[in-house]
Amino acid sequence: MAKNIQAIRGMHDVLPDQTPLWQFLERRVAGVLAAYGYREIRMPILEQTELFKRSIGEVTDIVEKEMYTFDDRNGDSLTLRPEGTAGCVRAAMENGLLHNQTQRLWYQGPMFRHERPQKGRYRQFHQIGVETFGMPGPDVDAELILITARIWRELGIDGLELQLNTLGSADERAAYRTELVDYLQAHHERLDADSRRRLGSNPLRILDSKNPAMRELLDGAPTMHAHLGDETRRHLDFVCDTLTRAGVAFVLNPRLVRGLDYYSRTVFEWVTDRLGAQGTVCAGGRYDGLVEQLGGKPVPAVGFAMGLERLVAVLEEIDPGAGAAVADVYLVLLGDAAVTEGLVLAERLRDALPGREVVAHCGGGGMKAQFKRADRSGARYALVIGDAEVEGGTVALKSLRADEEQILVARDAIVDVLLARLAV
Ligand code: HAM
């Protein structure tokens with residue numbers, strides 16, 4: 001027999017008993033974003049490879065080794081998006097959304113990175129991302145972080161730590177880079193192979209090294225702080241003051257550098273210790289140079305993205321039942337005539353009971369088997385139609401959760417009886 005085809009490693013099905021939690025998460029986040037005046041944008045999943053190379057940066061893990069890139073039938077190099085910022089900027093530029101206006105946008109969907117799969121790290125994963133354009137000041141940086149804090153409250157997630165840093169302006173970063181390279185150069189023999197390679201191309205990323213052998217060397221490295229100009233300091237101070245006044249706690253982490261090259265000034269990450277090594281559930285920052293880098297007039301921008309698999313994992317620990325839907329009414333239908341009557345009655349019930357879940361049994365089977373399904377659906381009430389009820393124009397109403405007498409109700413009266421019962 002041929003071997004069954006399986007899903008691609010690191011790419012997962014979200015099964016029906018998991019989707020309620022996903023929907024709960026997606027609905028709550030969309031609700032918060034709407035409350036702040038953010039509007040949804042939907043971009044293609046495939047983009048030209050060049051877009052990611054030019055925005056995320058040639059010397060990043062993502063572009064160097066994680067992208068799903070292929071030539072299409074015309075020989076064009078395309079890439080499954082590893083993140084949403086690049087495509088959102090491309091879409092906003094291409095559709096004239098950046099001319100003399102501000103934008104507050106959000107998107108959601110699958111992203112693809114060929115990383116080594118482990119708990120919390122997948123090759124297809126999902127993000128909800130937010131991007132804003134045209135606002136140069138720290139006000140919107142603070143707003144974005146307040147949004148994330150509200151999202152955690154709405155989801156009932158506590159215990160996340162907010163880490164904050166500034167990467168300065170391009171000039172400030174360049175000056176810091178020189179000092180950092182000098183320091184690392186002087187300790188060249190203590191650098192691992194990866195860091196030696198990065199020294200010439202992307203030395204700031206060395207700070208993010210996970211290699212414990214490098215820890216001491218990096219702890220002694222100069223920080224960005226001395227190179228920050230007044231403007232950058234004011235920007236950071238404003239964000240910190242606003243967060244403090246709004247009651248959002250944060251930790252300043254001078255080693256927070258992010259894995260994508262487009263950032264400047266504010267960067268932040270929300271981290272949990274509930275998920276082991278992959279603890280960052282949300283991350284983002286300012287990227288004032290990106291639009292120009294992609295060929296547009298300079299437009300300031302800032303955004304973030306949250307990883308839905310990681311948030312679902314946190315929610316599963318806290319409240320696995322969140323968002324779970326259960327049926328309200330299950331129709332047990334015994335015999336062909338009853339099935340027809342039942343399907344018609346179910347239509348009437350759905351008209352009369354908006355928002356309620358009404359499930360009509362399909363697929364035949366005896367009374368016992370159907371009641372088993374009714375019970376598993378979680379429904380509070382079963383409506384039973386058999387030959388006698390067809391004949392008498394009635395339906396039997398049985399509570400599946402409470403110790404109530406089964407009663408026989410005229411078919412015309414059942415909507416009112418159910419409305420009254422379900423209301424309590
Ligand atoms: P990122 O830090 O690469 O940033 O990803 C954001 C979040 O996506 C991470 O914090 C994590 O929760 C989730 N994530 C990333 N990779 C994986 C993976 N392999 N498996 C599961 N979850 C993952 C960005 O993508 C930027 N575009 C964020 C941004 C928006 N910055 C400005 N605007």
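Remember, it's 1-based here, ligands and their atoms both numbered in the order they're listed. Residue numbers start at 1 and run along the sequence shown.
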Determine whether the side chain, the backbone, both or neither of [X] has a heavy atom under 4.0 Å from any heavy atom of ligand 1.
{"X": "Tyr263", "answer": "side chain"}
{"X": "Val281", "answer": "backbone"}
{"X": "Arg121", "answer": "both"}
{"X": "Pro82", "answer": "neither"}
{"X": "Gln127", "answer": "side chain"}

Next item on the list: Could you label the plane-to-plane angle of the Tyr38 and Tyr36 rings as parallel, tilted or perpendicular, counting under 30° as parallel and over 60° as perpendicular?
Entry: perpendicular

In ligand 1, which numbered atoms sit nearer than 4.0 Å to a non-hydrogen atom of [X]?
{"X": "Gly284", "value": "31 (N)"}
{"X": "Ala305", "value": "6 (C), 7 (C), 28 (C), 29 (C), 30 (C)"}
{"X": "Thr85", "value": "26 (C), 27 (N), 29 (C), 30 (C), 31 (N), 32 (C), 33 (N)"}
{"X": "Ala283", "value": "2 (O), 10 (O), 28 (C), 29 (C)"}
{"X": "Phe304", "value": "29 (C), 30 (C), 32 (C), 33 (N)"}

For [atom], what's the nearest protein heavy-atom neighbour? Residue, atom name and distance, please.
{"atom": "atom 20 (N) of ligand 1", "result": "Tyr122 N, 3.0 Å"}
{"atom": "atom 33 (N) of ligand 1", "result": "Glu131 OE1, 2.7 Å"}
{"atom": "atom 14 (N) of ligand 1", "result": "Phe125 CE1, 3.5 Å"}
{"atom": "atom 21 (C) of ligand 1", "result": "Gly120 O, 3.3 Å"}
{"atom": "atom 26 (C) of ligand 1", "result": "Tyr262 OH, 3.3 Å"}
{"atom": "atom 27 (N) of ligand 1", "result": "Glu83 OE1, 2.5 Å"}
{"atom": "atom 9 (C) of ligand 1", "result": "Thr280 O, 4.0 Å"}
{"atom": "atom 3 (O) of ligand 1", "result": "Arg113 NH2, 2.8 Å"}

Ignoring hydrogens and geometry, is there a side-chain-to-backbone donor-acceptor pair from [X] to [Y] under 3.5 Å?
{"X": "Asn165", "Y": "Pro254", "answer": "yes"}
{"X": "Tyr262", "Y": "Val291", "answer": "no"}
{"X": "Arg265", "Y": "Gly168", "answer": "no"}
{"X": "Arg205", "Y": "Thr60", "answer": "no"}
{"X": "Gln293", "Y": "Arg54", "answer": "yes"}
{"X": "Arg401", "Y": "Asp375", "answer": "yes"}
{"X": "Glu172", "Y": "Gly229", "answer": "yes"}
{"X": "Asn253", "Y": "Arg255", "answer": "yes"}

Next item on the list: Measure from atom 11 (C) of ligand 1 to every heavy atom in His126, Met111, Arg310 and give the option owning the shortest one.
Entry: Arg310

Next item on the list: Please check if any side-chain donor atom of Asp192 sits under 3.5 Å from a side-chain acceptor atom of Ser195, or the reverse.
Entry: yes

Check: Side-chain contact, heavy-atom cut-off 4.5 Å: Arg81 with Thr79?
Finding: no

Margin query: Please give me the minimum heavy-atom distance between Arg258 and Tyr263, naming the atom from each residue.
Written below: NH2-OH, 3.0 Å

Item checked: salt_bridge(Arg90, Glu47) N-O dist < 4.0 Å -> yes

Checklist line | salt_bridge(Glu115, Arg123) N-O dist < 4.0 Å | finding: no

Check: Does Gly259 come within less than 4.0 Å of ligand 1, judged by its heavy atoms?
Finding: no

Margin query: Yes or no: does Glu309 have any heavy atom under 4.0 Å from an atom of ligand 1?
Written below: no

For ligand 1, find out whether one of its N or O atoms is nearer than 3.5 Å to an N or O atom of [X].
{"X": "Leu260", "value": "no"}
{"X": "Tyr287", "value": "no"}
{"X": "Arg258", "value": "yes"}

